[in-house]
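See below for the structure under consideration.
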Amino acid sequence: MDKSFEWKHAVCFEYLQNFQIVKVEVVAWRPGLVIYRDLFTGKQVRDHLELMEHLKFEEQLVVNDDGNDIVSKIRRANGTQVFHEDHPAARSIWDTAKNLLPNLNFKTAEDILALSYNPGGHYAAHHDYLLYPSEKEWDEWMRVNGNRFGTLIMAFGAAESGGATVFPRLGAAVRTKPGDAFFWFNAMGNSEQEDLSEHAGCPIYKGQKQISTIWLRMRDQPILEQTLSSDSLSASLLFPGEF
Ligand SMILES: O=C(O)CCC(=O)C(=O)O
Ligand SMILES: [Fe+2]
């Protein structure tokens, strides 16, 4: 097989980490937007989907108690916090992400947010970086760990039609298969908001989309500590070794 794709200046390449091959596609260099293909095994995907089903069930019980079915059903379809320490399936994907993306610090990350979209489901254009009117409004997370430095989205179920994540200011649409993940920076080198990272989840036309999000916080991020420039952060900062 032609191995010229292994050339380090390619935009689709592989690196070896923890005795595993990590397949990378650089969608944008600056600010970095990167897809990791097949980051998770088929078993990890199946186990995480099963966990998501189980968690939805739990949520529905709470819903019935306060008698507000319809609103809560929509919310149920939208999101569930998953505490990775509590569930082997979630701990497994957390550990894989942490081990295979060594330049990111997961110790100060928010826990997993599992999202499930049905046909018609979508996520309007937004920034993940949080903006507060003043420091008085900061919550505990913001005070202790800082703002949302970057976002890792992990794909577990892909819609048959629709459901891309688009980055209109980068001219990019990310389409994933179960087991893929992608990462981008929400902050620049000076820790301010990266305006170019605006993104949206396009409507689902057919099927279901299941993803989980991890928001990494600013505190103790080696990438920020090493970066002297206040510019957009480069994708090259994500890869171990010489890039
Ligand atoms: O559903 C998507 O594709 C985007 C999700 C998203 O923007 C987020 O979780 O912050
Ligand atoms: Fe987002």
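For clarity, every value in this text was computed on a predicted model and none was experimentally measured. Read the numbers this way: they start at 1 and go in the same order the structure lists the ligands and their atoms.
Judged by distance alone, with hydrogens and angles left aside, the side-chain atoms of S232 form no donor-acceptor pair with the main-chain N or O of M188 at under 3.5 Å.
When hydrogens are left out, the protein atom nearest atom 1 (O) of ligand 1 is Y117 OH, 2.6 Å; that is the closest non-hydrogen contact. The protein heavy atom nearest to atom 3 (O) of ligand 1 is T165 OG1, 2.5 Å. T213 OG1, 2.9 Å is the protein heavy atom nearest to atom 9 (O) of ligand 1. In terms of protein heavy-atom proximity, atom 8 (C) of ligand 1 is nearest to Y123 CE1, 3.8 Å. Counting protein heavy atoms only, atom 2 (C) of ligand 1 is closest to K209 NZ, 3.3 Å.
In this structure, F167 and W184 have perpendicular ring planes: the angle between them is above 60°, well past the 30° mark.
Salt-bridge annotation for E14 and K23: absent, with no side-chain N of the basic residue lying under 4.0 Å from a carboxylate O of the acidic one.
The closest approach of D128 to the Fe ion (ligand 2), by N/O/S atoms, is made by OD1. When the N, O or S atoms of H199 are ranked by distance to the Fe ion (ligand 2), NE2 comes first.
The number of heavy-atom neighbours closer than 6.0 Å to CZ of R175, taken from other residues, nucleotides and ligands shown, is 12 or below. Other residues, nucleotides and ligands place more than 12 heavy atoms under 6.0 Å from the OH atom of Y132. Other residues, nucleotides and ligands contribute only 12 or fewer heavy atoms inside 6.0 Å of the CD atom of E50.
Of the N and O atoms on the side chains of H126 and D128, at least one donor lies less than 3.5 Å from an acceptor on the other residue.
Numbered from 1 in the order shown, with element, the atoms of ligand 1 that lie under 4.0 Å from a heavy atom of L115 read 9 (O). Listed by atom number, the atoms of ligand 1 under 4.0 Å from H126 heavy atoms are 6 (C), 7 (O), 10 (O).
Remark: ligand 1 and D128 share an N or O pair separated by less than 3.5 Å (distance only, no angle test).
The distance from the Fe ion (ligand 2) to the nearest N/O/S atom of H127 is not under 2.8 Å.
Comparing heavy-atom distances from atom 5 (C) of ligand 1 across I153, T176, V166 singles out I153 as nearest.
A distance below 6.0 Å separates the ring centres of F185 and F149.
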